[in-house]
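For reference, the structure is listed below as structure tokens.
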Amino acid sequence: MPTKIVIKKNTYFDSVSLMSVSTKANKLPGVEQAFVAMATEMNKGVLKNLGLLTPELAEAKNGDLMIVIKGDAANDETLAAIEALFTRKESGGSHESRYATLASAKTHRPDSNLAVISVNGTFAAREARQALEHDLNVMLFSDNVSLDDELALKQLAHEKGLLMMGPDCGTAIINGAGLCFANAVRRGPIGIVGASGTGSQELSARIHEFGGGISQLIGTGGRDLSEKIGGLMMLDAIAMLEADDATQAIVLISKPPAPAVAEKVLARARTCRKPVVVCFLGRNQPPADEDGLQFARGTKEAALKAVLLTGIKKESLDLHPLNWPLIEEVRARLTPQQKYIRGLFCGGTLCDEAMFAALEKYDDVYSNIQPDPTKRLADINVSQAHTFLDFGDDDFTNGKPHPMIDPTNRISRLLQEARDPQVGVIVMDFVLGFGSHEDPVGVMIDAIKQAQAIAQADNRPLEILGYVLGTDLDTPSLSQQCQLLTDAGVIWASSSTNTGLLAREFVCKGEKA
């Protein structure tokens with residue numbers, strides 16, 4: 001198969017830009033595989049695994065850009081098309097200026113107050129520190145930053161009264177502007193502080209659906225509530241929202257936090273002058289509500305409690321109760337052998353919420369992100385019993401685009417799970433919004449049909465349950481994406497919470513939960 005290799009010396013692009021370019025390059029006619037990335041050792045390792053690493057590529061330096069094209073279209077014309085992707089502007093966009101350093105950008109744009117940083121993890125802490133020292137709030141999309149560096153950056157931000165969102169912060173909405181992965185939601189009086197990207201997106205989408213709106217969505221990065229970091233950013237963000245005139249109520253969302261840090265955050269929430277809703281996902285029942293402090297077991301409940309605090313009436317809302325007639329229909333279709341769920345998720349918190357729902361009924365629940373080390377998958381490529389996979393975790397994304405952008409990893413796993421006769425339901429999320437794939441459902445439809453055909457050829461049913469995280473303001477249309485699922489014979493859930501509950505009940509032959 002023809003292959004074309006180009007190395008552009010000392011040509012740097014951030015990882016978000018390169019993920020987008022790679023995804024579009026792989027869709028060009030005649031391209032079997034396109035790989036566009038910086039020449040880091042990790043990316044060279046990916047090329048080696050693909051059988052595409054040449055001596056020339058092996059010698060490339062960290063600051064060099066690699067473009068590798070495999071297929072019948074491995075030629076100068078395709079190369080030119082890929083290079084054009086780096087400079088193409090969307091119609092109606094504003095003028096864009098480029099600066100070589102943060103210092104230069106601050107000099108030329110003195111009114112700027114926020115930097116979004118997406119560079120190789122080796123350099124991310126240095127760039128974030130420079131931004132903070134120039135009095136810029138920071139959203140650090142980059143991962144592979146040490147805990148020591150994260151702690152130092154957040155301590156510096158705290159001293160300067162600045163936001164230090166991240167590292168590995170994928171979602172924020174600041175003054176109405178969605179950053180990185182975010183959904184289009186109305187402005188309103190509810191502030192969100194999230195140590196979880198898709199958890200924050202889900203909260204904002206459900207609040208929007210229930211008629212509420214978002215004042216600010218402040219991401220902290222997934223490790224903020226670890227023992228080492230101590231909730232520094234969440235505590236500062238609570239204080240910022242408490243002082244924000246546009247915020248009436250605050251919602252906190254996180255995967256299971258370190259117990260001591262959770263207590264510290266709750267102590268601060270109790271002193272907040274505004275009501276706070278806390279959603280720390282986990283297997284345990286949350287505490288009872290207190291004056292000014294409410295607890296939610298899942299994202300849907302958290303969103304509902306938040307909008308009720310702003311004066312919206314519960315009786316005016318469609319809460320989408322669990323569809324028990326549908327559950328009974330699915331149970332009747334599945335054979336006794338089909339007793340397992342396989343969850344294939346782009347969003348870590350969406351994966352967590354579904355997994356914790358399953359854990360309420362089943363003990364044999366495995367994952368690449370299972371809090372219980374005894375239930376962590378020994379091999380992420382081999383499922384066990386009920387398996388929930390977060391394809392956005394480092395296990396799957398090292399040197400590869402995030403699954404919200406590139407579905408390749410998930411497609412191959414979908415077909416693998418479809419061949420397992422013990423699988424009753426395969427669960428997948430589809431995330432709309434800024435930064436995500438332009439057609440997340442559409443790009444999976446052929447693979448979904450192929451999976452269904454695999455099961456049909458084996459004379460067994462296969463239920464596929466989908467959840468589209470998005471709002472009626474997102475592009476593409478939420479309703480259009482759901483219709484694509486319906487047309488493909490896929491059941492779709494109305495929320496992340498309902499996704500987990502439906503999945504666990506589909507494969508249960510017992511009574512109602």
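The shown structure was predicted, so the numbers you read here are calculated from the model rather than taken from an experiment.
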Quiz item: Please walk me through it: do V365 and K375 pass side-chain contact (heavy atoms from CB on, under 4.5 Å)?
Solution: CA-CA 7 Å; V365 177; K375 296 296 175 64; over 6 Å; no
Exercise. Answer yes or no: is there an ion pair linking D135 with K106, defined by an N-O contact shorter than 4.0 Å?
Key: no
Quiz item: Is K228 salt-bridged to D148, cutoff N-O under 4.0 Å?
Solution: yes
Quiz item: For the side chain of R129 and the backbone of A124, is there at least one donor-acceptor N/O pair under 3.5 Å apart?
Solution: no
Quiz item: For the side chain of D224 and the backbone of M234, is there at least one donor-acceptor N/O pair under 3.5 Å apart?
Solution: yes
Self-check item: Candidate pair M38 and N62, rule side-chain contact (heavy atoms from CB on, under 4.5 Å), full reasoning
Solution: CA-CA 6 Å; M38 300 306 297; N62 274 350; over 6 Å; no
Quiz prompt | Which residues share a salt bridge (charged side-chain N to carboxylate O under 4.0 Å, His left out) with K8, sequence neighbours left out | solution = E83
Quiz item: Taking the side chain from T349 and the backbone from T198, do they hold a donor-acceptor pair closer than 3.5 Å?
Solution: no
Quiz item: Hey, mind stepping through F141 and L179 against side-chain contact (heavy atoms from CB on, under 4.5 Å) and telling me if it holds?
Solution: CA-CA 10 Å; F141 185 81; L179 304 176; over 6 Å; no
Exercise. Evaluate the side-chain contact (heavy atoms from CB on, under 4.5 Å) criterion for residues E202 and S196: first the C-alpha distance (whole Å), next the side-chain angles of each, then the deciding distance (0.1 Å), finally the verdict.
Key: CA-CA 10 Å; E202 172 66 8; S196 154; over 6 Å; no
Quiz prompt | T78 side chain to A73 backbone, donor-acceptor under 3.5 Å | solution = yes
Quiz item: Is there a donor-acceptor pair under 3.5 Å between the side chain of T486 and the backbone N or O of L484?
Solution: no
Self-check item: Rounded distance (nearest 0.5 Å) linking atom NZ of K154 with atom CG of L132
Solution: 11.5 Å
Exercise. Determine whether the side chains of N113 and N137 contain a donor N or O and an acceptor N or O closer than 3.5 Å.
Key: no
Quiz item: Do R206 and S496 have side-chain atoms, one donor and one acceptor, less than 3.5 Å apart?
Solution: no
Practice problem: Could you tell me whether the side chain of T220 reaches within less than 4.5 Å of the side chain of L225, counting heavy atoms only? | Solution: no
Quiz item: Taking atom types as modelled and ignoring hydrogens, do the side chains of S477 and S479 form a donor-acceptor contact shorter than 3.5 angstrom?
Solution: yes
Exercise. Could you point out which residue of L432, N183, D472 forms a side-chain contact (heavy atoms from CB on, under 4.5 Å) with L478?
Key: L432
Quiz item: Can you tell which of V427, I426, I411 makes a side-chain contact (heavy atoms from CB on, under 4.5 Å) with L344?
Solution: I426
Quiz item: Does the Q201 side chain pair with the main chain of L469, one donor and one acceptor, at a distance under 3.5 Å?
Solution: no
Quiz prompt | Heavy-atom neighbours of Q483 CD exceed 12 at 6.0 Å | solution = yes
Quiz item: Can E353 and T299 be counted as having a side-chain donor-acceptor contact under 3.5 angstrom?
Solution: yes
Exercise. Go through the structure and list residues passing salt bridge (charged side-chain N to carboxylate O under 4.0 Å, His left out) with D168, not counting sequence neighbours.
Key: none
Practice problem: Report the residues that fulfil side-chain contact (heavy atoms from CB on, under 4.5 Å) with T122, sequence neighbours left out, ordered by chain and then residue number. | Solution: N120
Practice problem: For the residue pair F345 and F388, categorise the inter-ring angle as parallel (less than 30°), tilted (30 to 60°) or perpendicular (more than 60°). | Solution: parallel
Practice problem: With sequence neighbours excluded, give me every ring-ring contact (aromatic ring centres under 6.0 Å, His included) pair touching residues 111-138. | Solution: none
Quiz item: Any chance CD of E59 has more than 12 other-residue heavy atoms, nucleotides or ligands included, within less than 6.0 Å?
Solution: no
Quiz item: Judged by modelled atom types alone, do N26 and Q33 share a side-chain donor-acceptor pair under 3.5 Å?
Solution: no
Quiz item: Testing L18, L47, T11, V36 for side-chain contact (heavy atoms from CB on, under 4.5 Å) with M66, which one passes?
Solution: L47
Exercise. Write out all pairs satisfying side-chain hydrogen bond (donor to acceptor under 3.5 Å, both in side chains) with one or both partners inside residues 422-432, taking only residues at least two apart or from two chains.
Key: R410-D429
Quiz item: What pairs meet the salt bridge (charged side-chain N to carboxylate O under 4.0 Å, His left out) rule with one or both residues in residues 69-78, with sequence neighbours excluded?
Solution: K4-D76, E32-K70
